[in-house]
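Worksheet: the structure to be examined is printed underneath.
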Amino acid sequence: MAEYTIKVRRFQPESGEGPYWEEFGVDLEPSLSVLDALLQAKDRDDGSLAVRCSCRAAICGSCGMKINGQSGLACKTMIGEASEFANRENGGGEPIVIEPMGNMPVIKDLVTDMESTHWTKIRRVTPWLLPEGDPPEREYIVPPESMIDITQSMACIQCGACVSSCLSMEADPDFIGPAALAKAYRFVGDPRDAETKERLHDLSQDPHGIYDCTHCFSCIDACPKGVAPMDQIMRLRRAADEEDIEDQNHGRNHMEAFTKIIEEKGTLDEALLLQESFAPGIKGKLIPKHGAVQELLQSIPTAVRGVKSGKMRSIPKLIPGVHPKLPGDAQSHVKRIYAHTEEHQVELNLYIRGEEADADESVPQAEAVPEGDIQPEPDEKGDH
Amino acid sequence: MKVAYWPGCVSRGFTAELHGSMGLVAERLGIELVELDRANCCGAGVIAEHNQELADTLNARTFALAQQTGLPMMNICSTCQGAQSECQQRLRDSEYRAHVNETLAEEGLAYDPEGFSNKNFLWMLVEDYGLDKLVEQVKHPLSGLRVGPFYGCYILRPKHRLGYEDHPERDLYLDRLIEALGGEVVQYDGARKCCGFPIITMAREVSLRQAGTHVGDALDAGADCLVTPCPLCHLNLDMQQPEAAKVVNRDLGLAVLHLPQLVGLALGLSPKELGMKRHIASTKWVEERLEQPVAA
């Protein structure tokens, strides 16, 4: 047994008072969880302490909260480790700080309103299968390999930890967010779904959609199930790129321009990237998209300040396209890499394959399986 | 100490003062920089969005060029660190690596993760150079200077990809460095949050709100300046600061230093030598503060 102090952010709406902090002393084995600590405090000190929980085994996804500022599940966070983290700077005496999840309203103490943010956003992405034609007599049959890509997003238990940690949502509450977008990829990547393009169009056109993710990786660290929602958002962007889906956020233009510049120059021509993101190619300049001119104009004050301060006081930095290529034959080798890899486009999914995998033991990479090779499940063999 | 040096694109573009100050600081610290002038852009995660294999092969090329020097690789950009660590993680897979190396073979290159290391200047200073050794060379302690650390997402998350198992305190190094240089660490809400830069062309207002909020929080906490190991964060926090101020509707005006600039000031280099005149947010207050150190 060891003694710990937990410092809980409390809030009782019926009191009419604002939130406040309260400390509880608990004693339990270091290998027990933060949830165990909360339940002990509730049992011994204050039965009114509100916490939502059920399975205590990281399956139900009920006990999402912030522990020492990190979003995660209380039942999956060991009290000993949480205490070590809280005390890693001062060497002792610091309590474990426990708060309700972020980016959602607090109902009471550690219980947040999942409906107004999380579930509303989940519904926003049409989280069900939209197949074409009449349903088959029995189940849809697809090669197992074709489902591998979406197993990671299927691992989500809807705990909301990623939503709680999302730094884009903190700045833009309308952002569709990591959980819902990971769920969206679950259907975009599903071979049975017939609305892939429509889904991608919808998520690209929405200014709070896939191009509103700021790439901060918070959701990857927060997720207790390894879903890596940000990786799923990047997969959605890749799929939108492959389907040539235009968007109002210049997201695809930015990606295409960036990729093209490195092919031509090897390093980034920032002035060219800015220009091409808003008005790509000759067509984009002759017939600029709605809003593109305005947004390009918005960047002018920054450029003027850059020239004044000396930041951009050189021709290659100011005039798009003057940026030098890599020296010698280096640029031609970069171009050659482009030619090779654009042909293969291999995607390594470490969630499926496992890290530092021994090639022999790992799951084989997804390969197209001819339809005739699909073996029926054992229960399909008989006719009884 | 000698390293294979990858400065990245932005440090030679819009934040040229970073590349310049790194050169001067390295000289003072006795770190020899062997610049990888044939290496290419890390892709900043953007190329990986388009084609993962392309991003991995481009970075494997940079790693292989670094390995040819026989030296450990050092970068000065959090974003390079994050994007490259992501590729390093996938390239540990031997079958996949063999496939990538096939593409590199024509240039006579091959990447072998065995014994290869690629570290941001911040990690290198703390883990390899040593803060004790750095302290010995401090000529002008930053006493009285209240510095807000701004880490940048790409060297913080995700932890399992960035070596936090072996170095669990990497998310405290900037704080330790400020203290070692004699400065005072300002704790504020935004230190480990996102500057918003990756979406500046896609969701401008959201991006600027992030930058403006963090700069504002640091000011409210009493910071004299911010320091960051990421030139992309610098673009949003410094170059875009007047625009961010409009979005959050308040006066800002907080100097944002690149990591080597903060080290350089403590080593006795002048703000002019360190290119601080090129910043958008004035660094004058920092200079005044250092000329008249406040008694500790």
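Hydrogens, waters and symmetry mates play no part in the numbers below; they use all other heavy atoms, side chains included. Below, chain A is the first sequence line, B the second, and so on; all start at residue 1.
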Below 4.5 Å, heavy-atom pairs only: which of [options] has the largest tally toward chain B?
{"options": "A:I220, A:I233, A:T302", "result": "A:T302"}
{"options": "A:H340, A:R252, A:R237", "result": "A:R237"}
{"options": "A:M255, A:H323, A:M234", "result": "A:M255"}
{"options": "A:T259, A:T214, A:N249, A:L268", "result": "A:T214"}
{"options": "A:R336, A:E256, A:E342", "result": "A:R336"}
{"options": "A:S332, A:G310, A:G69", "result": "A:G310"}

Note, [X] side chain near [Y] side chain (heavy atom, < 4.5 Å):
{"X": "B:R38", "Y": "A:D329", "value": "yes"}
{"X": "A:H344", "Y": "B:H99", "value": "yes"}
{"X": "B:Y154", "Y": "A:C216", "value": "no"}
{"X": "A:V334", "Y": "B:R61", "value": "yes"}
{"X": "B:M202", "Y": "A:D212", "value": "no"}
{"X": "A:Y338", "Y": "B:L58", "value": "yes"}
{"X": "B:E17", "Y": "A:K311", "value": "yes"}

Tell me, for [X] versus chain B, whether the close heavy atoms (under 4.5 Å) come from the side chain, the backbone, both or neither.
{"X": "A:I261", "answer": "neither"}
{"X": "A:S314", "answer": "neither"}
{"X": "A:F85", "answer": "side chain"}
{"X": "A:L326", "answer": "side chain"}
{"X": "A:C219", "answer": "neither"}
{"X": "A:D174", "answer": "neither"}

Original post:
What is the minimum heavy-atom distance between A:S309 and B:I280, and which atoms define it?
Top reply: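 Closest pair (atom of A:S309, atom of B:I280, distance): OG-CD1, 3.6 Å.
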Report which part of [X] has an atom under 4.5 Å of a heavy atom belonging to chain A: side chain, backbone, both, or neither.
{"X": "B:R12", "result": "both"}
{"X": "B:T213", "result": "neither"}
{"X": "B:V10", "result": "both"}
{"X": "B:E106", "result": "both"}
{"X": "B:A55", "result": "neither"}
{"X": "B:K193", "result": "both"}
{"X": "B:T15", "result": "both"}
{"X": "B:L172", "result": "side chain"}
{"X": "B:L156", "result": "backbone"}
{"X": "B:H279", "result": "backbone"}
{"X": "B:P113", "result": "neither"}

Main chain of [Y], side chain of [X]: is a donor-acceptor contact present, judged purely on distance under 3.5 Å?
{"X": "B:Q52", "Y": "A:L348", "result": "yes"}
{"X": "B:R204", "Y": "A:Q298", "result": "yes"}
{"X": "B:R157", "Y": "A:D221", "result": "no"}

Original post:
Near B:E205 CD, under 6.0 Å, is it more than 12 heavy atoms from other residues, nucleotides or ligands?
Top reply: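 No - once you tally the heavy atoms of other residues, nucleotides and ligands closer than 6.0 Å, there are 12 at most.
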Subject >> NZ (B:K159) with more than 12 external heavy atoms under 6.0 Å >> reply: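 Atom NZ in B:K159 is packed in, count exceeds 12.
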Should [X] and [Y] count as an ion pair when the cut-off is N to O under 4.0 Å?
{"X": "A:R305", "Y": "B:E243", "answer": "yes"}
{"X": "B:R90", "Y": "A:E355", "answer": "no"}
{"X": "A:R88", "Y": "B:D171", "answer": "yes"}
{"X": "A:D172", "Y": "B:R209", "answer": "no"}

**OP:** Indicate whether the side chain of A:H254 and that of B:E49 have a donor and an acceptor atom separated by less than 3.5 Å.
**Re:**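 No pair is found: no donor N or O on one side chain lies under 3.5 Å from an acceptor on the other.
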Got a second to check how far [X]'s [atom1] is from [Y]'s [atom2], nearest 0.5 Å?
{"X": "A:D269", "Y": "B:C41", "atom1": "CG", "atom2": "SG", "value": "11.5 Å"}
{"X": "A:S168", "Y": "B:I199", "atom1": "OG", "atom2": "CD1", "value": "4.5 Å"}
{"X": "A:E263", "Y": "B:N40", "atom1": "CD", "atom2": "CG", "value": "12.0 Å"}
{"X": "B:T103", "Y": "A:E343", "atom1": "OG1", "atom2": "CD", "value": "10.0 Å"}
{"X": "A:H333", "Y": "B:L109", "atom1": "NE2", "atom2": "CG", "value": "7.5 Å"}
{"X": "A:F217", "Y": "B:C194", "atom1": "CZ", "atom2": "SG", "value": "9.5 Å"}

Subject >> Aromatic contact, B:F197 with A:H215 (centres under 6.0 Å) >> reply: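 No, the ring centres sit 6.0 Å or more apart.
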Original post:
Yes or no on side-chain hydrogen bond (donor to acceptor under 3.5 Å, both in side chains) for B:H50 and A:E242, after CA distance, side-chain angles and deciding distance?
Top reply: CA-CA 8 Å; B:H50 167 75; A:E242 276 165 19; over 6 Å; no
